[in-house]
Amino acid sequence: MSEKKILEYDVLVVGGGISGGEAALNLANLDYKVLVVEKDLSLGGKMIALSKVFPTLDCAACITTPKVSEISRHPNITIMFSAEAKKIDKLGEHNFEAHVHQKPRYVNIDDCTACQLCEKACPVSVIDEYQQGLIGRKAAFIPFSIASPRAAAIDITNCTLCGACERACPTGCIDFTQTDLDYVVKAKAVVVATGFKLFDPLKIPRYGYGKYKNVITSMQMERQLAPTRPFNTILRPGDGKMPDNIAYVLCTGSRDKSVGNPICSQVCCMYSIKQGQLLMGSLPMADVTIYYLHIRAFGKGFNEFYEQSKEMGVEFIKGKIGNIKEKENGNLILRYEDIEEGKVKEAEHDMVVLSVGVMSNSEISDSFQGESLVLDDYGFIHQNDILASPSETNIDGVFVAGTATGPMDIPDSILSAGAASAETTSYLRRAVL
Amino acid sequence: MEVEKGKTAKYRKEKNPVAKEVMENLKNFTKTKKRLMDALKEGDKTVPQLAEALSIPADEVLYQVMSLLKYGFVETGDIDDMDEYFYYKIKDNGKD
Ligand SMILES: Cc1cc2nc3c(=O)[nH]c(=O)nc-3n(C[C@H](O)[C@H](O)[C@H](O)COP(=O)(O)OP(=O)(O)OC[C@H]3O[C@@H](n4cnc5c(N)ncnc54)[C@H](O)[C@@H]3O)c2cc1C
Ligand code: SF4
Ligand code: SF4
């Protein structure tokens, strides 16, 4: 066995979504050396996959791309992809040691020109997770067109090792001899920005997700609305019909004790209203109905955004969905309690979008050795002093940014990352004084 | 050990045999692709028309046709008279 390579940085940032990226950038601009460990093939987290963002309707890619390229070009930032911090140990103040494991990509990203010839040559088609399973991708693939780095990767579990990609590659950057790498990372402070997970709607069988193909998640609709969408236009996945009567079910997996998540996901109301507006734009003949319990439009410009969607013709029904059933033609019957009228009603739609909630991604806490990283009741990272220093965790020197602390939107994630980098800086300064 | 650049897949294959399901998936995709392309060669079709002609569930047809669109084998034609379903056709009349 070869010795593990030892690397030294000022700060280890775990997670390269918008929160981790922003925190890294702030710290790097103060001249700290930062290592970002990202388990996926690209920077940008969930945000880079969105269509447009509420409440400004700016194109998500247009905001994310420059940010992400600034992060990846910064001389003080090193990024490891397909990597996870397996063990994080606090040996003393300003002295952390992490064991980072990196899986091979089988492509040397520095030499890859993203020419896509490997993709073209590869005979294998598997489910494209970056398009939320709506279409396929090759086993040799560029994750998505605005991925950063824009470089190919080999999906080794689905690869037949036919060698076609390698033969097609003009730069010779595909390398199947790559192996797993392990590093020991020494850092003075740690920022955790591991983000969130989406609620799995299979946990609510009465909504029919998985069984009825025209019931989709809001993330699948984000992809359908994005310029780099999976289909030629917005189509229902059951049979390719252009939908003209779309329903949204808010609070799918949020504020629902029966699925173990009693808290509000904070973004579902607003992203559904956003999608409603975008659908009215793309499918001018379509009806959009949003079934809600309460609309939470608390942020700057949010209520105006909500009012605007009503003016555009989005219909809002205060109703609690009982169940969803499919008709022979693929249309869906929603049985719901009309809360204002106190009556049980039924309505037919040709497509249903489940506005799935924000769940914690708590695995990172298992990586902490010795002193464990405390989580809150819902599995998000506990903030030691939420009022005075919101990014402090229970471990001095470990800070937290973005949705790793709880559900929040992009502007709040950026603010949170700002707070995390400021608190990290003041911790690092204490080492000097 | 020196492995020749451009032939590293072969080297890996010697040490890590490919799983049966992976070969099975390739076979299924190749077969479905051929059936869809053959059906489209006979004329432009919508997803329900392809599903009926080939007895493949419509959601599976959509998934595969959209994948073929992405891979550059198929292109989108006109929408039907009811403004519901698009016709799909072989890209550039099938010179691939
Ligand atoms: C359908 C939908 C639509 C939305 N629309 C909007 C909108 O219009 N406007 C808006 O403001 N907000 C919107 N949001 C919310 C927005 O997505 C989040 O606020 C934002 O993505 C949070 O960023 P983050 O970096 O905290 O988390 P994430 O985006 O989840 O990023 C976390 C990153 O950490 C990585 N990671 C996780 N665990 C590990 C680990 N153990 N080791 C290494 N890396 C790890 C992940 O791969 C990922 O890259 C929407 C959310 C959804 C679900
Ligand atoms: S070796 Fe694997 S990734 Fe490359 S073309 Fe063949 S199946 Fe695709
Ligand atoms: S063929 Fe080579 S250079 Fe082109 S995208 Fe694939 S890996 Fe990159």
Side-chain angles (χ1 to χ4, degrees), chain A residues 104 106 116 119-120 122-128 131 133-140 154-169 171-179 212-214 228-233 235-244 283 285 329-330 350, chain B residues 1-19 21-30 32-33 45-52 57-77 79-80 82-88 96:
Chain A
Y106 303 103
Q116 292 183 285
E119 262 184 21
K120 205 159 181 262
C122 178
V124 172
S125 177
V126 289
I127 288 175
D128 186 349
Q131 293 284 18
L134 293 169
I135 51 169
R137 62 152 170 81
K138 296 299 188 72
I154 305 293
D155 171 357
I156 202 74
T157 28
N158 289 301
C159 166
T160 63
L161 294 173
C162 69
C165 53
E166 250 188 319
R167 289 190 293 276
C169 177
T171 67
C173 62
I174 298 177
D175 180 1
F176 284 96
T177 66
Q178 286 184 0
T179 51
Y212 308 143
K213 302 297 171 191
N214 297 325
T228 49
R229 59 197 176 193
F231 303 155
N232 54 304
T233 179
L235 300 176
R236 50 181 213 178
D239 61 358
K241 178 175 177 270
M242 209 160 63
D244 58 21
L283 305 170
M285 305 307 288
N329 64 2
D350 59 6
Chain B
M1 186 181 32
E2 271 303 301
V3 183
E4 197 183 332
K5 219 176 170 181
K7 290 191 180 157
T8 58
K10 192 164 153 264
Y11 163 82
R12 187 185 165 91
K13 209 169 177 172
E14 279 160 21
K15 306 212 305 194
N16 307 60
V18 175
E21 307 85 74
V22 172
M23 296 312 291
E24 204 62 34
N25 173 57
L26 171 61
K27 224 167 74 192
N28 289 339
F29 169 65
T30 315
T32 313
K33 177 183 161 196
K45 288 186 181 58
T46 65
V47 168
Q49 286 169 350
L50 283 165
E52 177 152 358
D59 61 299
E60 168 81 18
V61 170
L62 179 72
Y63 171 90
Q64 297 292 4
V65 169
M66 289 301 128
S67 303
L68 294 177
L69 191 93
K70 170 174 166 183
Y71 303 151
F73 296 107
V74 167
E75 58 190 8
T76 310
I79 195 160
D80 65 8
M82 303 287 287
D83 273 351
E84 288 184 334
Y85 296 96
F86 283 90
Y87 283 91
Y88 298 97
D96 76 54

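Every chain is numbered from 1, with letters handed out A, B, ... down the list of sequences.
Only the backbone of Asp83(B) comes within contact range of chain A, with heavy atoms under 4.5 Å apart. For Val18(B), the part sitting under 4.5 Å from any heavy atom of chain A is the side chain, from C-beta outward, and nothing else. Heavy atoms closer than 4.5 Å to chain A are found in both the backbone and the side chain of Tyr63(B). Heavy atoms of Leu50(B) lying under 4.5 Å from chain A are absent altogether. Interface residue Leu235(A): only side-chain heavy atoms are found under 4.5 Å from chain B. Heavy-atom distances place the side chain of Thr233(A), and not its backbone, under 4.5 Å from chain B. Both the backbone and the side chain of Lys13(B) come within contact range of chain A, each with at least one heavy atom under 4.5 Å from a heavy atom of that chain. Using a 4.5 Å cut-off between heavy atoms, Cys159(A) contacts chain B through its backbone alone, with no side-chain atom that close. Contacts between Lys120(A) and chain B at a heavy-atom distance below 4.5 Å are absent for every atom of the residue. If you measure heavy-atom distances from Lys241(A) to chain B, the contacts under 4.5 Å come from both the backbone and the side chain. Both the backbone and the side chain of Pro123(A) come within contact range of chain B, with heavy atoms under 4.5 Å apart.
Looking only at atom types and distance, the side chain of Tyr106(A) has no donor-acceptor partner in the side chain of Thr8(B) under 3.5 Å away.
Interface summary for chain A: among Gln64(B), Lys7(B), Lys10(B), Glu60(B), the most heavy-atom pairs under 4.5 angstrom belong to Lys7(B). Your options are Asp128(A), Thr160(A), Ile154(A), Val124(A), and the one with the most heavy-atom pairs under 4.5 Å with chain B is Thr160(A). Contacts with chain B were tallied for Cys165(A), Pro243(A), Gly240(A); Gly240(A) has the most, counting heavy-atom pairs under 4.5 Å. Of the residues considered (Gln131(A), Arg137(A), Gln116(A)), Arg137(A) shows the highest number of contacts with chain B, using heavy-atom pairs under 4.5 Å.
The two atoms that bring Ala9(B) and Gly163(A) nearest to each other are CB-CA, 3.7 Å, heavy atoms only. Here the shortest heavy-atom pairing between Pro48(B) and Asp239(A) reads CD-O, 3.7 Å. Here the closest non-hydrogen pair linking Phe86(B) and Met242(A) is CE1-SD, 3.8 Å. Here the closest non-hydrogen pair linking Asn16(B) and Leu161(A) is O-CD1, 3.7 Å.
The main-chain N or O of Pro230(A) is never found under 3.5 Å from a side-chain atom of Lys70(B) such that the two would form a donor-acceptor pair. Asn25(B) contributes no side-chain N or O that, together with a main-chain N or O of Val126(A), makes up a donor-acceptor pair within less than 3.5 Å.
For Ile127(A), the CD1 atom is loosely surrounded, since the number of other residues' heavy atoms within 6.0 Å does not exceed 12.
In this structure, the side chains of Arg12(B) and Ile156(A) come closer than 4.5 Å at one or more pairs of heavy atoms. Two residues are said to be in side-chain contact when any heavy atoms from C-beta on lie closer than 4.5 Å; Ile135(A) and Ser67(B) meet this criterion.
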